Amino acid sequence: MKRINLVFAAAGLLTMVSCTNRNDQPDAYGTFEADEITISSMATGQLLRFDIEEGMLLDSGQVVGYVDTTDLHLKKMQAIDQQAATSSRLGDLSAQVAVQEQNRENILVEQRRVAAMLKDGAATQKQMDDINSSLKLIDKQIASIKTQSTGITGTVSSIGQQIAQLEESIRKSAIVNPVKGTVLTKFAERDEVTAFGKPLYRIADMSTMTLRVYISGVQLPHVKTGQKVQVRFDKDEKTNSTLEGVVTWISPTAEFTPKTIQTKEERVNLVYAVKVQVVNDGSLKIGMPGEIKLNP
């Protein structure tokens, strides 16, 4: 009788273990990934400095290198000299306008004097006509000089824009890391010649990782964005490490669709991608396999 009881007890224990193992099975599998950014050169020239190595942690806004700016600097100095020389012509034209304005004032005085003499019969109409002609000529000369000044002012402004463009190009010659993260891949070395748009390195923020998993159609109604799930990954050959994750995205379309969808059994075979965001404690790496438990 005792032997029979022991057999039933052992069977019950095996049933409980089996149920426990089934309950502990993960609901979905996938791999960890991060938002990778490829940083490219914004200038053409020799890399005079490039202080990064793969695995290095970089801060946002950190200057990690620069491209040779000698040619740009020389062009900028040339443009500055050209702007100064052109601006000096404005001073000459202003002086010419001042001289013509003074001549105009003198002619106006003469015009008033001749007008008075003409009224008294002491001057001729020809004298008055000559003075009026001289006055019109002075006005045209002043207008011509002012037109030249406008053109030179436009030239000075255009050169100023060229200088601003060169300064912007010089600024872009500095390689500034845009985001905080870990250098994944290095594509260039110091002293190499780079070009605009050429990739220099790839970086990713590893502080928060994304586990992309795939769930079946029957699981889909039980998953929603903002839901907390249990994230597991290998600790060793027999045990797992566990972190808390949050569902941030669910694919609106199926990743796989059977050729014919007729029965419910076939409909639940649809697979949907789900992204789970996990705060990385330093253990997670890109491409590492992981799994989730919806109801831990």
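The model shown is predicted, which means the values in this text are computed figures rather than measured ones. For this chain, numbers begin at 1 and follow the sequence in order. Side-chain atoms are counted along with the backbone in the values below, which use heavy atoms only and exclude waters and symmetry mates.
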Asker: Flag the pair Phe32 / Lys285 as yes when at least one side-chain heavy-atom distance between them is below 4.5 Å, and no otherwise.
Answerer: no
Asker: In this structure, are over 12 heavy atoms from other groups packed under 6.0 Å from Glu168 atom CD?
Answerer: yes
Asker: Look up atom CD1 in Ile80 and atom CG in Leu166, then write down how far apart they are to the nearest 0.5 Å.
Answerer: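 Going from CD1 on Ile80 over to CG on Leu166, the span is 9.0 Å.
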Asker: Just verifying a value: how many Å separate Leu58 CG and Glu53 CD, rounded to the nearest 0.5 Å?
Answerer: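 The distance works out to 10.5 Å.
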Asker: Residues in salt bridge (Lys or Arg N to Asp or Glu O under 4.0 Å) with Arg113, at least two apart?
Answerer: Glu110
Asker: Less than 4.5 Å apart, any side-chain heavy atom of Thr194 and any of Leu200?
Answerer: yes
Asker: What I'd like to find out is whether the side chain of Val67 reaches to under 4.5 Å of the side chain of Ser41, using heavy atoms alone.
Answerer: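 Sidechains of Ser41 and Val67: in contact.
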Asker: Mind checking whether Glu189 and Leu47 have side chains closer than 4.5 Å, heavy atoms only?
Answerer: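 No; the side chains remain at least 4.5 Å from each other.
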Asker: Can you spot which of Val276, Val213, Leu211 makes a side-chain contact (heavy atoms from CB on, under 4.5 Å) with Val247?
Answerer: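 Only one option passes, and that is Val276.
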Asker: Could you state whether Ile52 and Val176 fall into the same hydrophobic cluster, counting links through intermediate Ile, Leu, Val, Met, Phe, Trp or Tyr residues with side-chain heavy atoms under 4.5 angstrom apart?
Answerer: no
Asker: Do side-chain atoms of Ser144 reach the backbone of Lys140 as a donor and acceptor pair under 3.5 angstrom?
Answerer: no
Asker: Should Arg202 and Val183 be marked as a side chain to side chain contact (heavy atoms under 4.5 Å, CB included) after you check the CA-CA gap, both sets of side-chain angles, and the distance that decides it?
Answerer: CA-CA 6 Å; Arg202 184 180 292 119; Val183 178; over 6 Å; no
Asker: Are Ile286 and Glu36 packed together at the side-chain level, in the sense that at least one heavy-atom pair is separated by less than 4.5 angstrom?
Answerer: yes
Asker: Please examine the side chains of Ser283 and Phe233, heavy atoms only from C-beta on, and report whether any two atoms are closer than 4.5 Å.
Answerer: yes
Asker: Is there a side chain to side chain contact (heavy atoms under 4.5 Å, CB included) between Arg104 and Leu135 once you walk through the steps?
Answerer: CA-CA 6 Å; Arg104 189 175 188 278; Leu135 188 62; 3.6 Å; yes
Asker: Report the relative orientation of the aromatic rings in Phe50 and Tyr201; use parallel for angles under 30°, tilted for 30 to 60°, perpendicular for over 60°.
Answerer: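 The arrangement is tilted - the two ring planes meet at 30° to 60°.
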Asker: Linking I/L/V/M/F/W/Y whenever their side-chain heavy atoms sit closer than 4.5 Å, directly or via other members, would Ile203 and Met209 fall into one cluster?
Answerer: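 No.
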Asker: So how far is it from Leu184 CG to Ile37 CD1, rounded to the nearest 0.5 Å?
Answerer: 10.0 Å
Asker: Taking all heavy atoms of Ile215 and all of Ala28, pick out the closest pair and write down the distance.
Answerer: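 Residues Ile215 and Ala28, closest heavy atoms: CG2-CB, 3.9 Å.
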Asker: Between Asn240 and Glu291, is the side chain to side chain contact (heavy atoms under 4.5 Å, CB included) condition met? List the steps.
Answerer: CA-CA 10 Å; Asn240 292 328; Glu291 58 191 36; 3.6 Å; yes
Asker: Hey, what do you get for CD (Gln127) to CD (Gln111), rounding to the nearest 0.5 Å?
Answerer: 13.0 Å
Asker: With Lys224, which residues qualify under side-chain contact (heavy atoms from CB on, under 4.5 Å), at least two apart?
Answerer: Gln227
Asker: Name the atoms and distances for all side-chain donor-acceptor pairs under 3.5 Å in residues 152-159, with sequence neighbours left out.
Answerer:
| residue | atom | partner | partner atom | Å |
| --- | --- | --- | --- | --- |
| Thr153 | OG1 | Ser149 | O | 2.8 |
| Thr155 | OG1 | Gly151 | O | 3.0 |

Asker: What are the two closest heavy atoms between Asn280 and Met206, and how far apart are they?
Answerer: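 So the minimum-distance heavy-atom pair works out to ND2-O, 2.9 Å.
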Asker: Applying side chain to side chain contact (heavy atoms under 4.5 Å, CB included) to Glu167 and Lys76, what does each step give before you reach the verdict?
Answerer: CA-CA 7 Å; Glu167 289 176 342; Lys76 175 185 173 182; 3.3 Å; yes
Asker: Can you name the residues that form a side-chain contact (heavy atoms from CB on, under 4.5 Å) with Thr253, not counting sequence neighbours?
Answerer: Ser251
Asker: Which atom pair, heavy atoms only, marks the closest approach of Pro178 to Ser60?
Answerer: O-OG, 3.0 Å
Asker: So which heavy atom on Val223 is nearest to which on Ile250, and how close?
Answerer: O-CD1, 3.6 Å
Asker: Work out which heavy atom in Gly287 is nearest to a heavy atom in Thr31; give both atom names and the distance.
Answerer: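 Closest pair (atom of Gly287, atom of Thr31, distance): O-CG2, 4.0 Å.
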Asker: So how far is it from Gln78 CD to Ile163 CD1, rounded to the nearest 0.5 Å?
Answerer: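 It is 10.5 Å, given to the nearest 0.5 Å.
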Asker: Taking all heavy atoms of Thr38 and all of Pro199, pick out the closest pair and write down the distance.
Answerer: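 That closest heavy-atom pairing would be CG2-CB, 3.8 Å.
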Asker: Which residues, ordered by chain and number, are linked to Val109 in its hydrophobic cluster, where ILVMFWY side chains connect at heavy-atom gaps below 4.5 Å, directly or through other members?
Answerer: none
Asker: Say whether, by atom type as modelled, one donor and one acceptor occur between the side chain of Lys293 and the main chain of Gln25 under 3.5 angstrom.
Answerer: yes
Asker: If hydrophobic clusters are built by linking Ile, Leu, Val, Met, Phe, Trp and Tyr wherever their side-chain heavy atoms come under 4.5 Å apart, do Met42 and Phe187 end up in the same one?
Answerer: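 In one cluster with Met42: Phe187, no.
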Asker: Would you say Leu48 ends up clustered with Leu72 if hydrophobic residues are merged whenever their side chains have heavy atoms under 4.5 Å apart, either directly or through other cluster members?
Answerer: no
Asker: Are Val64 and Leu57 in one and the same hydrophobic cluster, where Ile, Leu, Val, Met, Phe, Trp and Tyr link if side-chain heavy atoms are under 4.5 Å apart?
Answerer: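 No.
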Asker: Consider only side-chain N and O atoms of Asp236 and Thr239, and report whether a donor and an acceptor are under 3.5 Å apart.
Answerer: yes
Asker: Please say whether more than 12 non-hydrogen atoms of neighbouring residues, nucleotides or ligands are located less than 6.0 Å from CG in Asp35.
Answerer: no
Asker: Connecting only ILVMFWY residues whose side-chain heavy atoms lie within less than 4.5 Å of each other, what is the rest of Val279's hydrophobic cluster?
Answerer: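 In the cluster with Val279 there is nothing else; it is isolated.
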Asker: Can you tell if the side chain of Ile142 reaches within under 4.5 Å of the side chain of Glu101, non-hydrogen atoms only?
Answerer: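 They are in contact (side-chain heavy atoms under 4.5 Å apart), so the answer is yes.
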Asker: Would a 4.5 Å heavy-atom cut-off, applied to side chains only, mark Lys275 and Glu33 as touching?
Answerer: yes
Asker: Supply the atom-to-atom distance Leu137 CG to Gln100 CD, rounded to the nearest 0.5 angstrom.
Answerer: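 Leu137 atom CG to Gln100 atom CD measures 8.0 Å (nearest 0.5 Å).
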Asker: Identify whether the distance between the nearest side-chain nitrogen and carboxylate oxygen of Lys180 and Asp205 falls below 4.0 Å.
Answerer: no
